[in-house]
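Everything below concerns the one structure shown next.
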Amino acid sequence: MRDRYALPPLPDAENGVVMRFAPNPSGPLHLGHARAAALNDAYVRRYGGRYILRIEDTDPKRVDPAAYETVPEDIAWLECAITETVFQSDRLETYYDYARRLIERGGAYLCTCENERFRELRQAKRACPCRSQETEESLARFEAMLAGEYAEGEASLRVRTDLEHPDPALRDFPAFRVLTSTLHPRVDATVYPLMNFSVAIDDHLLGCTHVIRGKDHIANTRRQQFIYDWFGWTPPHFRHYGRMGIEGVVLSTSEMRAGIAEGRYGGWDDIRLGTLRALARRGIRPEAVKRSMLAIGCGETDIQYSWENLFAENRQLVDPEADRLWFVPEPVTVEVTGAMPQVSRPLRHPGDPARGTRELGFDRVVLVPKDELDQDVSMLRLKDLFNVRMGTDQDRTRFTYAGDDLAEARAAHAPIVQWLPLGATLPCTLCRPEGDVHGVCEPAVAEKVDRVIQFERVGFVRVDSVGPDGVVAYLTHR
RNA sequence: GCUGCUAUAGUGUAGUCCGGCCAAUCAUGUCGGCCUUUCACGCCGACGACUGGGGUUCGAAUCCCCAUAGCAGCACCA
């Protein structure tokens, strides 16, 4: 039987691979990044080799300095087997050097045409005047560009491709531009390579054998091919997967940033966001994220992924480990008559009795979920305690002890309900994407900060914090 | 508009290269049942798809053509 997480084999991979995950440091990583990171990671683990984290920070306008911290953190959380980290901003001299070599080979020229003018010419499949310049002149003008003799927008180094190419996007695309209006947080530069140039140079120099990335890069792959051709290099094997959306979630860093700035979201780990930090905060395991991404694979079809699939992966991981505890949402105080004080000892985990029990003392008054009282039943089973008959006394619900026999409760189709003693509880807020629920929980929940537990009959939650106002927990999923 | 890619159940996915073993795989979901002092887990069962139309062929999810739909690119972003 086929492994659900198995990926198709890669060509020429038998002797190991060199792959890379190359994000733009513009913010924390999200599910979209996770797909690329997980796919590449899985192949490196399968074939052995190197896995490069390459920070693509050649556009200072798109660099968020904080991301130099958050991106490696996020990738570590995802447990990807990164073997080395490379910053493109450290490699500017290398790119300049290869630019000179490309010019010498006749593969690039320095263009000083106005943008709009160039676009018109390109559309018409016509060469711009700069295209015919001598190699020497291109070289000299490129040095002048590096020396700061051109202002922003005045010059760019273009790769000589094919003016007749049916796709105008591939005709003489730019490789370098001048950028002085925005300072780079890490380096002092005025000339930056464009993505297609730095990526082609780096993939070759770092020895990348296979590249897996989104299909939004298909045109870039063709552009990069021209660079490989000029240098006589063999390109890596490429594979492009389709666009992925997730129901109800924004996977755009800029949109998330705007939402945070406007106060619509509490931060990058707001549980309504698709960032890895938000998933972590909800109690989604990195392994569940990776498995989901591997199950999706690298098909070229666009997909609308469903949370259900991710949740199912996570539930499988979390269920055997999560201790069971009780949370009573919207608690109602009810007096129980006819029963002696006693101690109930529910199991910490029904599948693993060895983990022991916790103690809940019953003494006349209990807190039960409000919703349970609205049901059209006359009998209730207080879980791990006894049966009660529901009655009312002056508009208030009252319980009367109705025996210990579980079979009787089943026969009467009595709901089995979690409860808590009046005294020994902690206030608890359960945060869900649809809104918060207030209630009380067992005091033992306070020992579970940062862990995923199951609130029985409610769902899995991650205990986020314990403060003076009680416990804050996030609903992971049911 | 131009250039290109893709199209299997509610969702994701296998099968498509090399046509028959596919009345189409697996997971998830929904419903029902069993188990159970949780509405969880586990187990059993049911539901549910080859975008449409032509063609080639003894035979098409698979090959060809057309249509339709979606997506990507057409940035001095990555």
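In what follows, chains carry the letters A, B, and so on, assigned in the order in which the sequence lines appear, proteins first and then strands, with residues in each chain numbered from 1. Computed from a prediction, not measured in an experiment: that's the story for all the values here.
Only the P atoms considered, B:A9 is 15 Å distant from B:A61, to the nearest whole Å. Here, B:C31 and B:G48 have their C1' atoms 12 Å apart, quoted to the whole Å. Spacing of C1' atoms, B:C18 relative to B:A60, comes out at 14 Å, to the nearest Å. Spacing between B:U25 and B:G33 at atom C1', rounded to whole Å, works out to 25 Å. For the P atoms, the distance from B:U16 to B:U8 is 16 Å, rounded to whole Å. Rounded to whole Å, the separation between the C1' atoms of B:C50 and B:A24 comes to 8 Å. The separation of B:U57 from B:U62, taken at their C1' atoms, amounts to 13 Å, rounded to a whole angstrom. When the P atom is used for both B:G32 and B:C39, the distance is 14 Å, rounded to whole Å.
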Determine, for nucleotides 27-39 of chain B in 5'-to-3' order, which nucleotides have protein heavy atoms under 4.0 Å from the base (write B), from only the sugar-phosphate (write S), or from neither (write -). BSS-------BBB

Which donor-acceptor pairs under 3.5 Å do the side chains of residues 162-174 of chain A make with protein atoms, sequence neighbours left out?
unit_1, atom_1, unit_2, atom_2, d
A:D162, OD1, A:E164, N, 2.9
A:H165, ND1, A:D167, N, 3.0
A:D167, OD1, A:A169, N, 3.0
A:R171, NE, A:L163, O, 3.3
A:R171, NE, A:H165, O, 2.7
A:R171, NH1, A:R122, O, 2.6
A:R171, NH2, A:H165, O, 2.8
A:D172, OD1, A:R131, NH2, 3.2
A:D172, OD1, A:T161, N, 2.8
A:D172, OD1, A:T161, OG1, 3.3
A:D172, OD2, A:Y109, OH, 2.5
A:D172, OD2, A:R131, NE, 2.7

Listed pairs under 3.5 Å, donor-acceptor, residues 237-244 of chain A side chains, sequence neighbours left out:
unit_1, atom_1, unit_2, atom_2, d
A:H237, NE2, A:D12, OD2, 2.8
A:H240, NE2, A:T221, OG1, 2.7

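The nucleotide whose nearest atom lies closest to any side-chain atom of A:R119 is, among B:A75, B:C2, B:U8, B:A75. Taking the side chain of A:I296 as heavy atoms from C-beta on, and the options B:G12, B:U8, B:A78, the nearest nucleotide is B:G12. Of the candidate nucleotides B:G12, B:C76, B:A78, B:G12 has the atom nearest to the side chain of A:I303.
When rounded to the nearest whole Å, the span between NZ of A:K61 and C1' of B:A75 equals 11 Å. A straight line from CD of A:Q225 to C1' of B:G4 spans 16 Å, rounded to a whole angstrom. When rounded to the nearest whole Å, the span between CD of A:Q123 and P of B:U3 equals 11 Å. Rounded to an integer number of Å, the gap from A:N220 CG to B:G4 C1' is 13 Å. As a whole-Å value, the separation of A:M244 CE from B:G12 P is 11 Å. As a whole-Å value, the separation of A:L294 CG from B:A14 P is 12 Å. Between A:H184 atom NE2 and B:C76 atom C1' the separation is 16 Å, expressed in whole Å. Rounded to an integer number of Å, the gap from A:L7 CG to B:G12 C1' is 14 Å.
Among the protein residues, A:E152 comes within range of no part of the nucleic acid, since none of its heavy atoms lies under 4.0 Å from any strand. Residue A:H217 is in base contact, counting any heavy-atom pair closer than 4.0 Å across all strands shown. Residue A:N196 is classed as having no contact, given no heavy-atom separation below 4.0 Å to the nucleic acid. A:G153 comes within contact range of at least one nucleobase, with a heavy-atom separation under 4.0 Å. Across all strands shown, A:F460 has heavy atoms under 4.0 Å from sugar-phosphate atoms exclusively, and none from any base. When heavy atoms are screened at a 4.0 angstrom cut-off, A:S26 is found touching no nucleic acid atom at all. At the heavy-atom level, A:P369 lies nowhere under 4.0 Å from the strands shown. A:C113 comes within 4.0 angstrom of a base, heavy atoms only. Contact annotation for A:R122: backbone-only contact, meaning every heavy-atom pair under 4.0 Å involves sugar-phosphate atoms and none involves a base.
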Between the protein and nucleotides 68-70 of chain B, which nitrogen or oxygen pairs are less than 3.5 angstrom apart?
none

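A residue-by-residue look at A:D167 and A:A219 shows that A:D167 has its nearest nucleotide of RNA chain B further toward the 5' end. For the pair A:H165 and A:R35, both in contact range of RNA chain B, the more 5′-proximal nearest nucleotide belongs to A:H165.
When all heavy atoms of A:C130 and A:C113 are compared, the closest pair comes out as SG-SG, 3.7 Å.
Remark: A:T357 engages no residue in a side chain to side chain donor-acceptor pair (under 3.5 Å) (not counting sequence neighbours). Contacts of A:S26 classified as side chain to side chain contact (heavy atoms under 4.5 Å, CB included), with partners at least two apart in sequence or in another chain: A:N24, A:T253. Residues satisfying the salt bridge (charged side-chain N to carboxylate O under 4.0 Å, His left out) criterion with A:R141, sequence neighbours excluded, are A:E137. Under the salt bridge (charged side-chain N to carboxylate O under 4.0 Å, His left out) criterion, A:D404 pairs with no residue, sequence neighbours left out. Partners of A:E359 by salt bridge (charged side-chain N to carboxylate O under 4.0 Å, His left out), not counting sequence neighbours, listed by chain and number: A:R345. With sequence neighbours excluded, the residues forming a salt bridge (charged side-chain N to carboxylate O under 4.0 Å, His left out) with A:K370 are A:D374, listed by chain and number.
Pairs of Watson-Crick or G-U wobble type, with distances under 3.5 Å, assemble into runs of 3 or more in RNA chain B at these ranges: B:1-7 with B:68-74, B:10-12 with B:26-28, B:29-34 with B:42-47, B:51-55 with B:63-67.
At least one cation-pi condition fails for A:R160 and A:F226: the charged atom is not both under 6.0 angstrom from the six-membered ring centre and inside a 45 degree cone around its axis. A:W326 carries A:R358 over the face of its six-membered ring, with the cationic atom under 6.0 Å from the centre and within 45° of the normal. A cation-pi arrangement is present between A:R282 and A:W307 under the rule of less than 6.0 angstrom and at most 45 degrees off the ring axis.
The salt bridge (Lys or Arg N to Asp or Glu O under 4.0 Å) pairs that include a residue from residues 315-331 of chain A are A:R285-A:E321, A:D319-A:R324, A:D323-A:R355, A:D323-A:K448, where partners are two or more places apart or lie in different chains.
A salt bridge links A:E120 with A:R117: at least one charged nitrogen is closer than 4.0 Å to a carboxylate oxygen.
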